[in-house]
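Here is how names work: the chains are called A, B, and so on, in the same order as the sequence lines, proteins then strands, and each is numbered from 1. Both backbone and side-chain heavy atoms feed into the values below; hydrogens, waters and symmetry mates do not. Everything numeric here is computed off the predicted structure, so don't read it as measured data.
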2 protein chains.
Amino acid sequence: MPFTIRQIAEIAGVSRGTVDKVLHGREGVSDEVRARVEEVIRKADYVPNRLATELSQSMKERRIAILMTPLNPFAEKVREGALAAAKELRELNCSVDVLIMREFREDEQAESLHQIIDTHPDGIAVMALDGNLTREALRRAEEEHIPVVTFVSDIADTARICFVGQDIPRGARTAAELLARAVGQKGRVAILHGPISMSAHRQRIESFENELSEGFPQVQVSGFADIHDDDETAYRETGLVLEDRKLAGIYVTGAGVGAVARAVKEQGRNVRIVCFDLTRETERLLREDEVDFVIDQGAFGQGREAVRLLWNYLVHKTVPKEGRFYTDTTIYVKALLK
Amino acid sequence: MPFTIRQIAEIAGVSRGTVDKVLHGREGVSDEVRARVEEVIRKADYVPNRLATELSQSMKERRIAILMTPLNPFAEKVREGALAAAKELRELNCSVDVLIMREFREDEQAESLHQIIDTHPDGIAVMALDGNLTREALRRAEEEHIPVVTFVSDIADTARICFVGQDIPRGARTAAELLARAVGQKGRVAILHGPISMSAHRQRIESFENELSEGFPQVQVSGFADIHDDDETAYRETGLVLEDRKLAGIYVTGAGVGAVARAVKEQGRNVRIVCFDLTRETERLLREDEVDFVIDQGAFGQGREAVRLLWNYLVHKTVPKEGRFYTDTTIYVKALLK
DNA sequence: ATGAAAGCGCTAACAT
DNA sequence: ATGTTAGCGCTTTCAT
């Protein structure tokens with residue numbers, strides 16, 4: 001068995017309470033004693049027992065608040081992940097409130113954040129919109145010493161302790177390779193993307209194009225269109241890019257894949273499709289051979305880890321290195337389903 | 001906060017010790033009291049606190065024994081996973097001994113198992129060879145009430161509490177789809193497989209062929225060879241299958257991929273390769289475009305989960321449903337690396 | 001058959 | 001500044 005705090009205390013010739021203070025950098029210990037205790041901890045390679053810490057911490061009641069943008073199939077899975085983590089935390093006397101925004105608007109997000117801060121939660125997780133109102137609200141959280149984790153989408157210049165999300169360039173480069181393979185490593189492809197105002201979509205376009213030009217120079221991007229994560233627009237824009245009779249593939253960065261596939265199918269064209277996020281819809285499209293590859297970026301895990309990381313920070317003061325946590329990027333094909 | 005055992009005891013009008021006995025089906029409780037307590041537990045939807053259980057269980061010193069077949073790059077990762085889990089268990093007063101066989105032989109496995117059983121460990125995890133000597137040894141473990149988990153490879157007709165491993169048919173079907181795509185969904189492919197005496201290799205062949213004939217009828221299997229997980233044999237046999245000048249792809253079920261790729265390259269042939277398990281070697285082959293897809297079946301996770309599941313059984317008496325735990329099947333392509 | 005109490009390792013409030 | 005102690009929820013031994 002590893003050393004216990006009791007043994008450390010004995011060796012250092014002090015009480016457990018004193019060791020605890022040293023461990024957490026609390027005051028009330030003379031410099032001399034502190035140095036001695038630290039030395040013993042170091043030599044013994046002492047690490048506090050995780051279970052014991054969490055169990056004793058469960059004396060204190062805690063509350064984590066989560067703010068999510070409006071639900072879609074992707075966000076729905078994120079929510080499920082957050083709820084799963086919340087369930088685990090119940091026995092640790094920590095509750096998790098999930099608040100879902102009505103609209104995808106920055107002013108609503110800021111307002112909700114202020115309301116949440118008013119209730120003084122122990123921690124906040126937020127799918128951050130990258131704008132100044134949100135930034136201001138998060139600064140207030142910082143002032144009030146409420147730790148913040150951003151998840152799914154990040155925001156610059158704030159003191160969030162961590163971002164939990166996808167490694168977007170990695171997924172996009174993977175998409176490029178897979179679409180290139182699906183079309184036989186040559187030919188023309190189109191990019192149908194979501195709202196360009198979201199940095200995630202911009203990055204998905206950029207990394208995709210870089211990977212193509214570096215690794216598959218015979219595959220050219222011949223068309224772009226913003227389909228606004230919206231089925232109707234997607235259907236219409238797909239019709240337009242299909243006017244290129246030589247189009248071999250379509251890369252879809254966001255929602256609306258069902259409509260894209262429908263347009264392709266109705267025209268009886270052989271155009272390969274690669275998209276993101278395994279949902280009921282994309283799973284169906286894989287099964288029906290409408291889509292060749294789906295790149296999943298762990299929606300469930302994003303929700304779950306956001307909550308877990310916040311808890312770990314609260315009780316252990318730990319944070320992933322670099323202040324980021326990337327969920328797995330997973331490739332799905334038809335045969336891998338079920 | 002959920003109910004505690006203390007509250008359950010109060011409501012039922014008994015002591016905590018009595019509730020504990022009821023929870024674990026121990027004797028020393030009258031039928032009448034048992035029924036009453038069970039009713040309260042049910043109504044309150046009481047679940048014991050996991051952390052508290054484990055912490056209190058750490059009073060008892062435990063020992064888990066692991067028996068592994070000789071190391072190769074795959075087994076090495078499995079071992080790392082087991083060691084990672086072992087590290088987590090140290091603070092719970094549970095030690096993990098890993099024993100590695102000298103040779104890949106059933107008699108040695110049986111002998112080692114008997115020696116392990118002689119030391120009366122609290123649990124055993126074994127990469128089981130499917131034969132009668134091993135089977136007998138595992139029966140003895142059962143008689144002596146030592147729980148057994150098989151991992152990586154399973155054995156029929158024994159009372160192992162669980163098997164931890166790959167979903168082999170799933171991986172093999174995925175390999176078929178990917179190789180079919182890599183060769184353009186038509187043409188001839190060869191199967192270079194490991195020791196046919198191992199059921200894993202037989203299954204990998206069978207499911208691969210099934211998926212091809214169901215989903216990709218224009219892809220035919222034109223050659224087979226046993227390469228014995230061995231580089232020299234692999235190189236030689238690859239030369240032979242390459243005599244088919246129209247060969248478009250090779251499916252490798254086990255080790256030896258490096259030699260296969262070398263033979264292909266030396267002949268300057270354009271033959272696509274799909275194989276299993278991300279290792280330093282296969283990672284290199286992906287980077288150099290020698291291999292198109294690597295299907296990884298979570299070696300690290302297999303080692304880690306074997307140990308974790310055994311621990312969970314020891315302290316919580318829980319077992320995964322169906323008595324199996326499959327690690328993730330993950331597709332790797334070049335762009336997904338790093 | 002049932003209950004009381006000590007102990008797992010850690011934290012924090014309280015006493016010295 | 002430092003030590004003492006009562007918990008967190010559960011298990012287990014020892015009384016009754």
Side-chain angles (χ1 to χ4, degrees), chain A residues 1-38 40-41 44 46-62 88-94 312 314-318, chain B residues 1-37 41 44 46-62 88-94 312 314-318:
Chain A
M1 276 276 278
F3 284 100
T4 68
I5 197 174
R6 178 169 230 131
Q7 293 172 295
I8 299 296
E10 269 170 25
I11 297 172
V14 298
S15 75
R16 295 178 268 159
T18 304
V19 175
D20 191 61
K21 283 176 193 164
V22 173
L23 277 173
H24 298 90
R26 280 193 286 265
E27 54 184 10
V29 185
S30 68
D31 288 357
E32 188 243 328
V33 170
R34 186 180 298 272
R36 193 167 76 228
V37 172
E38 275 170 349
V40 174
I41 288 175
Y46 168 74
V47 179
N49 182 304
R50 224 196 77 247
L51 267 63
T53 303
E54 300 205 12
L55 186 60
S56 78
Q57 286 281 14
S58 70
M59 299 190 64
K60 188 190 287 184
E61 187 168 344
R62 298 182 207 253
E88 294 175 4
L89 291 188
R90 277 223 337 256
E91 67 177 9
L92 294 167
N93 207 4
C94 179
N312 283 337
L314 293 176
V315 302
H316 305 292
K317 287 279 173 288
T318 55
Chain B
M1 276 277 277
F3 283 99
T4 68
I5 198 175
R6 179 171 229 130
Q7 292 172 298
I8 300 296
E10 269 170 27
I11 298 173
V14 298
S15 75
R16 293 178 268 163
T18 304
V19 175
D20 192 62
K21 283 176 192 161
V22 173
L23 277 174
H24 299 90
R26 280 191 286 264
E27 55 183 11
V29 186
S30 68
D31 288 357
E32 188 242 330
V33 170
R34 187 179 297 273
R36 192 167 77 228
V37 172
I41 288 174
Y46 168 73
V47 179
N49 182 304
R50 225 196 76 246
L51 268 63
T53 303
E54 300 204 12
L55 186 59
S56 79
Q57 287 280 16
S58 68
M59 299 190 64
K60 188 189 290 183
E61 188 169 343
R62 298 181 208 253
E88 293 175 5
L89 291 188
R90 278 223 335 256
E91 67 176 10
L92 294 166
N93 207 3
C94 178
N312 284 337
L314 294 176
V315 304
H316 304 293
K317 288 278 173 289
T318 55

| query | Where the side chain of Thr53(B) is concerned, which of dC10(D), dC8(D), dC8(C) is the nearest nucleotide? | reply | dC10(D)

| task | Please name the pair of heavy atoms, one in Val315(B) and one in Gln57(B), separated by the smallest distance, quoted to 0.1 Å. | result | O-NE2, 3.9 Å

| How long is the line joining CD of Glu32(A) and P of dA1(D), in whole Å? | 13 Å

| field | Interatomic distance where CZ belongs to Arg90(A) and C1' belongs to dG9(D) [whole Å] | value | 16 Å

| task | Give the nucleotide from the list dT11(D), dC8(D), dA12(C) with an atom nearest to the side chain of Asp20(B). | result | dT11(D)

| message | Between C1' on dC10(C) and CD1 on Ile8(A), what's the gap in Å once rounded to a whole number? | response | 13 Å

| message | I'd like to know whether Leu23(A) forms a side chain to side chain contact (heavy atoms under 4.5 Å, CB included) with Ile5(A), so could you lay out the CA-CA distance, the side-chain angles of the two residues, the decisive distance to 0.1 Å, and finally the verdict. | response | CA-CA 10 Å; Leu23(A) 277 173; Ile5(A) 197 174; 4.0 Å; yes

| message | Tell me the interatomic distance from Asn49(B), atom CG, to dC8(C), atom P, rounded to whole angstroms. | response | 18 Å

| field | Side chain of Tyr46(B) - closest among dC10(D), dC10(C), dT2(C) | value | dC10(D)

| task | Among the candidates dT2(D), dG9(C), dT11(C), find the nucleotide nearest to the side-chain atoms of Thr18(A). | result | dT2(D)

| said: What is the separation between atom CG on Leu51(B) and atom C1' on dT11(D), rounded to the nearest whole Å? | reply: 15 Å

| request: Return the nearest nucleotide to the side chain of Gln57(A); candidates are dA12(C), dT12(D), dG9(D). | output: dA12(C)

| field | Note, Leu89(B) side chain near Leu92(B) side chain (heavy atom, < 4.5 Å) | value | yes

| said: The side chain of Ser30(A) is closest to which nucleotide in this list: dT2(D), dT12(D), dG9(C)? | reply: dT2(D)

| request: May I have the distance from Met1(A) (atom CE) to dC8(C) (atom C1'), rounded to whole angstrom? | output: 8 Å

| task | Consider the side chain of Val33(A), meaning its heavy atoms from C-beta on, and name the nucleotide among dC10(C), dA1(C), dT2(D) that approaches it most closely. | result | dT2(D)

| field | Donor-acceptor contact below 3.5 Å, side chain Arg16(B) vs main chain Arg6(B) | value | no

| query | Among dC10(C), dT11(D), dC8(D), which nucleotide sits nearest the side chain of Arg6(B)? | reply | dC8(D)

| field | Position toward the 5' end of DNA chain C (nearest nucleotide), Gly17(B) or Ser58(B) | value | Gly17(B)

| request: For His316(B) and dG9(D), give me the distance from atom NE2 to atom P, rounded to whole Å. | output: 16 Å

| Which one, dG7(C), dT11(C), dT2(C), comes nearest to the side chain of Ser56(B)? | dG7(C)

| query | More than 12 foreign heavy atoms under 6.0 Å from CZ of Phe3(B): is that the case here? | reply | no

| said: Below the 4.0 Å mark, does dG3(D) have OP1 or OP2 next to a side-chain nitrogen or oxygen of Ser15(A)? | reply: yes

| Quick one: Ile5(B) CD1 to dG3(C) P, roughly how many Å, whole number? | 12 Å

| note | Of Arg16(B) and Pro48(A), the one whose nearest nucleotide on DNA chain C sits closer to the 5' end is Arg16(B)

| message | Taking the minimum atom-to-atom distance to the side chain of Met59(A), which one of dT2(C), dC8(D), dC10(C) wins? | response | dC8(D)

| request: Respond yes when some side-chain nitrogen or oxygen of Arg26(B) is under 4.0 Å from OP1 or OP2 of dT12(D), and no when none is. | output: yes

| said: Counting neighbours of NZ on Lys317(B) that are heavy atoms of other residues, nucleotides or ligands and sit closer than 6.0 Å, is the number greater than 12? | reply: yes

